[in-house]
Colleague: 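Quick one: the structure is below, and I'll ask about it shortly.
From a predicted model like this one, the values you see are computed outputs, not experimental measurements. Chain letters run A, B, ... following the sequence lines, proteins first, then strands; residues in each count from 1.
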Amino acid sequence: MAEMFQAPKGTRDILPPESDRWQALVAVFADVFGRAGYGLVQSPMFEDIGVFQRLGEGTEVVRKEMYDFFDKGDRHLALRPEGTAPVVRAFNQHRPTVPWKVWYLTPCFRYEEPQAGRFRQHHQVGAEAIGSADPDLDVEVIALQHDFYRALGLNSLTLRLNSMGSPGDRQAYGGQLAAWLGERLGQLDEADRANAAEHPLRVLDSKRERTMAAVADAPLITDGLSADAAAHFERVQAGLEALGVAYEIDPRLVRGLDYYTHSTWEFAAGALTSAQNAVGGGGRYDGLAESLGGKPAPGVGFGAGIERILLAADAEDALTETSGGVDVFVVDVTGGDAGRDLTFELRRNGISADRSFDARSMKAQMKVADRSGARLALLVGEDEVAAGTVTLRDLRSGEGQTSVSRSEVVAKLAAKLAEGGKL
RNA sequence: CGGGCCGUAGCUCAGUCAGGUUAGAGCGCCGGGUUGUGGUCCCGGAGGUCGGGGGUUCAAAUCCCCUCGGUCCGCCCA
């Protein structure tokens with residue numbers, strides 16, 4: 001036998017019935033954002049690697065986790081590690097009218113070691129609003145993301161919010177913090193010392209006890225915001241409060257992407273005990289369009305990981321109702337003609353229907369009908385063909401069968417299903 | 001990239017520590033009991049290069065080495 005292949009390391013197949021939950025999740029997302037005026041954006045799965053490199057060399061995802069390759073034309077490309085940069089690139093390229101409000105569903109690729117809730121290919125839904133610096137857009141995006149989780153039935157989420165200030169604020173604070181840390185290197189956990197000069201903000205977010213103690217009284221970025229940045233931050237908080245979105249300010253919240261300015265936030269699932277409990281995060285990125293070669297354009301958005309959301313949903317026992325399966329199952333023991341024709345007659349009249357194949361026995365076909373989850377079975381045998389009828393059986397109650405004229409099947413079934421729908 | 005645990009039937013696992021007859025169970029699947037009727041029950045059946053390679057041995061699922069994969073932690077993130 002030939003070598004059998006399996007999905008590459010860190011990737012997985014999503015099969016029914018699990019995929020039913022994906023469909024349901026995406027449908028909720030599309031509904032929440034569609035009703036808020038966000039349109040779907042589909043951009044390529046790969047980009048010139050420069051699109052991602054401009055996210056900043058300090059970004060771990062860019063520095064060492066990129067899935068890059070050269071194509072036959074010697075172009076250096078990379079599979080998208082995150083969702084925002086390609087959308088901003090598309091914005092620069094097409095110059096749509098602003099604010100440009102879009103949502104997306106996309107796989108993301110990162111070359112790292114898989115573990116709980118972490119894959120080499122994972123999937124994100126996300127939204128971006130580009131072309132306006134209005135803090136009310138920060139509020140809108142955060143509140144919609146919050147409403148999306150609520151619509152899924154997730155209740156254990158917490159929202160951490162921070163402000164990175166204006167680009168100038170961030171830079172000044174970074175220098176100040178690096179200097180502060182530099183004087184206390186010996187007090188930090190060894191593993192955090194390397195970051196003190198290059199990525200001082202990361203040190204603040206360390207979970208190592210020694211470091212946490214050492215930085216307890218470190219200067220906080222929120223204490224040194226410029227007047228404009230402070231006003232922006234306050235407006236965002238007021239908006240969230242007005243809309244009933246609970247949050248907590250966390251001046252130590254640092255997110256992996258270096259391009260954030262002003263608002264940054266992260267939703268974490270309290271129900272998840274694993275290390276990877278962030279189910280979505282985002283921020284404002286007022287300098288990103290320009291660093292990607294476009295005209296300056298402020299923007300704000302977030303990405304949310306589908307795999308993580310589903311893990312959180314499992315932990316909370318949410319998103320359990322999915323609508324797989326068909327309403328009607330056709331059982332034909334006359335050789336298959338009736339099964340073929342009747343099944344398509346139903347389908348073409350808007351009734352979901354399936355059948356069995358391989359001319360199996362009635363008993364076998366009934367077992368398949370049962371497993372299919374169909375509410376009703378239509379039985380066709382020699383007697384029915386001779387009489388020009390089909391036998392209708394209710395698989396839920398299992399009681400009684402009725403004979404229906406072949407010509408009235410569609411109408412009767414439609415009525416029967418509508419009746420059942422009320423229950 | 002550093003570390004722990006685990007790979008036996010489609011799935012969940014026993015058997016591995018103390019190597020030894022045709023490698024087991026439950027669930028699922030297929031068939032029969034009911035020559036046209038599912039979900040319960042009964043009977044039967046199919047299905048495994050014991051992740052892969054190498055080594056030790058008269059003999060390896062079992063011991064040793066390598067490798068691939070899974071899983072979890074650090075790190076990082078969704």
Side-chain angles (χ1 to χ4, degrees), chain A residues 1 3-12 15 58-65 80-84 105-126 145 149 189-192 194-195 199 202-203 205-208 211 253-257 266-269 272-282 302-312 329 331-334 356 358 360-386 390-401:
Chain A
M1 209 164 68
E3 178 195 358
M4 193 171 76
F5 298 103
Q6 55 182 311
K9 178 172 182 168
T11 70
R12 32 184 253 115
L15 313 174
T59 304
E60 195 95 357
V61 163
V62 169
R63 203 167 68 234
K64 52 182 204 188
E65 296 177 359
R80 52 166 54 179
E82 61 103 45
T84 299
L105 162 66
T106 183
C108 292
F109 305 87
R110 293 176 193 174
Y111 194 89
E112 52 187 346
E113 290 307 311
Q115 61 179 246
R118 200 177 72 184
F119 305 92
R120 289 190 171 179
Q121 176 178 340
H122 74 279
H123 301 79
Q124 291 188 18
V125 287
Q145 186 182 0
Y149 293 130
D189 188 291
E190 206 169 342
D192 289 312
N195 269 338
H199 311 294
R202 296 252 175 83
V203 179
D205 206 23
S206 171
K207 283 123 198 156
R208 291 176 237 275
T211 299
L253 173 68
V254 175
R255 300 197 29 82
L257 302 167
E266 184 170 290
F267 283 88
L272 285 186
T273 52
S274 65
Q276 280 73 32
N277 68 349
V279 295
F302 71 92
I306 294 179
E307 286 85 352
R308 298 249 180 109
I309 294 170
L310 290 179
L311 283 177
F329 199 94
V331 171
D332 173 17
V333 290
T334 67
S356 71
D358 301 315
R360 301 223 268 155
S361 72
M362 178 166 241
K363 176 171 179 164
Q365 292 192 48
M366 286 301 292
K367 290 183 80 154
V368 179
D370 185 52
R371 278 199 302 267
S372 78
R375 292 167 52 194
L376 302 171
L378 281 185
L379 283 51
V380 182
E382 302 299 342
D383 296 349
E384 284 84 354
V385 171
V390 299
T391 296
L392 175 61
R393 179 176 177 82
D394 188 320
L395 292 172
R396 299 277 168 87
S397 68
E399 294 164 2
Q401 302 186 165

Colleague: Are the side chain of A:Y149 and the backbone N or O of A:V279 linked by a donor-acceptor pair below 3.5 Å?
Modeller: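 Yes.
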Colleague: Closest to the A:R371 side chain: B:rC76, B:rC30, B:rG31?
Modeller: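 Side chain of A:R371 sits closest to B:rC30.
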Colleague: Name the closest nucleotide to the A:R110 side chain, picking from B:rG36, B:rA78, B:rG39.
Modeller: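 The listed nucleotide nearest to A:R110's side chain is B:rA78.
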Colleague: Suppose you measure atom C1' in B:rC6 against the same atom in B:rG28; what distance do you get, rounded to whole Å?
Modeller: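 Pairwise C1' distance, B:rC6 against B:rG28, rounds to 24 Å.
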Colleague: Can you check whether A:G280's main-chain N or O pairs, donor with acceptor, with A:R308's side chain at less than 3.5 Å?
Modeller: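 Answer holds: no.
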Colleague: Please figure out whether A:E82 or A:D394 has its closest RNA chain B nucleotide nearer the 5' end.
Modeller: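 That would be A:D394.
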Colleague: Remember a base hit wins even if backbone is also touched, and classify A:V279 as base, sugar-phosphate or nothing at under 4.0 Å, heavy atoms.
Modeller: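 The residue A:V279 makes sugar-phosphate contact but no base contact.
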Colleague: Could you check which of B:rG31, B:rG74, B:rG70 has an atom nearest any side-chain atom of A:K9?
Modeller: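 Nearest listed nucleotide: B:rG70.
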Colleague: Considering only B:rC73, B:rU37, B:rC30, which nucleotide approaches the side chain of A:K363 most closely?
Modeller: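 Of the options given, the side chain of A:K363 lies nearest B:rU37.
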Colleague: With rounding to whole Å, what would you report as the distance between B:rG69 and B:rG52 at their P atoms?
Modeller: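 To the nearest whole Å, 15 Å.
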Colleague: Are the side chain of A:R375 and the backbone of A:R396 linked by a donor-acceptor contact shorter than 3.5 Å?
Modeller: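 Such a contact is absent between A:R375 side chain and A:R396 backbone.
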Colleague: Has A:R360 got a side-chain atom pairing as donor or acceptor with A:Q365's backbone, closer than 3.5 angstrom?
Modeller: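 The answer is no, because no donor-acceptor pair under 3.5 Å joins these two groups.
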Colleague: Considering only atom P, compute the distance from B:rG74 to B:rC11 and round it to an integer number of Å.
Modeller: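 Straight-line distance between the two P atoms is 29 Å.
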Colleague: Any salt bridge between A:E65 and A:R120, counting N to O under 4.0 Å?
Modeller: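 The answer is no: the pair does not qualify as a salt bridge.
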Colleague: Using a 4.0 Å heavy-atom cut-off, does A:G83 contact any base of the nucleic acid, only the sugar-phosphate backbone, or nothing at all?
Modeller: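 Result for A:G83 = nothing.
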Colleague: Starting at CE of A:M366 and ending at P of B:rG36, how long is that distance when rounded to a whole Å?
Modeller: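 Going from CE in A:M366 over to P in B:rG36 covers 14 Å.
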Colleague: Out of B:rC77, B:rG39, B:rG31, which nucleotide sits closest to the side chain of A:R393?
Modeller: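 From the listed options, B:rG39 comes nearest.
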Colleague: Would you kindly give the CD-to-C1' distance between A:E113 and B:rC68, to the nearest whole Å?
Modeller: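 A:E113 atom CD is separated from B:rC68 atom C1' by 13 Å.
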Colleague: Using atom P in both nucleotides, what's the gap between B:rG15 and B:rG4 to the nearest angstrom?
Modeller: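 My reading of the P atoms in B:rG15 and B:rG4 gives 24 Å.
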Colleague: Regarding A:E112, tell me which of base, sugar-phosphate or nothing describes its non-hydrogen contacts under 4.0 Å with the strands shown.
Modeller: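 Base, at least one base atom sits under 4.0 Å.
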Colleague: Quickly work out the A:R118 CZ to B:rG74 C1' distance and round it to whole Å.
Modeller: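 Taking CZ of A:R118 and C1' of B:rG74, I get 9 Å after rounding.
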Colleague: Give the nucleotide from the list B:rC76, B:rU71, B:rG31 with an atom nearest to the side chain of A:P114.
Modeller: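 Between B:rC76, B:rU71, B:rG31, the one nearest the side chain of A:P114 would be B:rU71.
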Colleague: For A:E384, answer base if it contacts any base atom (sugar-phosphate contacts may also be present), sugar-phosphate if it contacts only those atoms, and nothing otherwise; contact means non-hydrogen atoms under 4.0 Å.
Modeller: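 A:E384: base contact, heavy atoms under 4.0 Å.
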Colleague: On a whole-Å scale, what distance lies between the C1' atoms belonging to B:rA23 and B:rG47?
Modeller: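 Going atom to atom, C1' in each nucleotide, I get 14 Å.
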Colleague: What's the closest nucleotide to the A:A116 side chain, out of B:rC73, B:rG36, B:rA78?
Modeller: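 Comparing B:rC73, B:rG36, B:rA78 against the side chain of A:A116, the answer is B:rC73.
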Colleague: State whether the distance check finds a donor on one side and an acceptor on the other, under 3.5 Å, for side chain A:K367 versus base B:rG31.
Modeller: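 Donor-acceptor pair under 3.5 Å: no.
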Colleague: Using atom OH of A:Y149 as one end and atom P of B:rA78 as the other, report the distance to the nearest whole Å.
Modeller: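 Going from OH in A:Y149 over to P in B:rA78 covers 10 Å.
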Colleague: So, does the side chain of A:D370 form a donor-acceptor pair with the base of B:rG39 at under 3.5 Å?
Modeller: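 By the distance-only test, no, there is no pair.
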Colleague: Choose from B:rA78, B:rG36, B:rC76 the nucleotide whose nearest atom is closest to any side-chain atom of A:M362.
Modeller: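 Minimum distance to the A:M362 side chain belongs to B:rG36.
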Colleague: Tell whether A:Q401 reaches the base of B:rU37 with its side chain through a donor-acceptor pair below 3.5 angstrom.
Modeller: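 Yes, the side chain and the base share a sub-3.5 Å donor-acceptor pair.
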Colleague: From the options B:rA78, B:rC75, B:rC30, select the nucleotide whose nearest atom is closest to the side chain of A:R308.
Modeller: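 Closest nucleotide to the A:R308 side chain: B:rA78.
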Colleague: Please measure how far the P atom in B:rC76 lies from the corresponding atom in B:rC68, and state the result in whole Å.
Modeller: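 Looking at atom P only, B:rC76 and B:rC68 are 26 Å apart.
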Colleague: Could you work out which one of B:rG36, B:rU37, B:rG69 sits closest to the side chain of A:D383?
Modeller: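 The listed nucleotide nearest to A:D383's side chain is B:rG36.
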Colleague: Using a cut-off of 4.0 Å on non-hydrogen atoms, how would the nucleic acid contact of A:R12 be classed: base, sugar-phosphate, or nothing?
Modeller: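 A:R12: no heavy atom of the nucleic acid under 4.0 Å.
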Colleague: Does a side-chain N or O from A:Q115 land closer than 4.0 Å to OP1 or OP2 of B:rC73, or not?
Modeller: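 So the side chain of A:Q115 is within the cut-off, an N or O lying under 4.0 Å from OP1 or OP2 of B:rC73.
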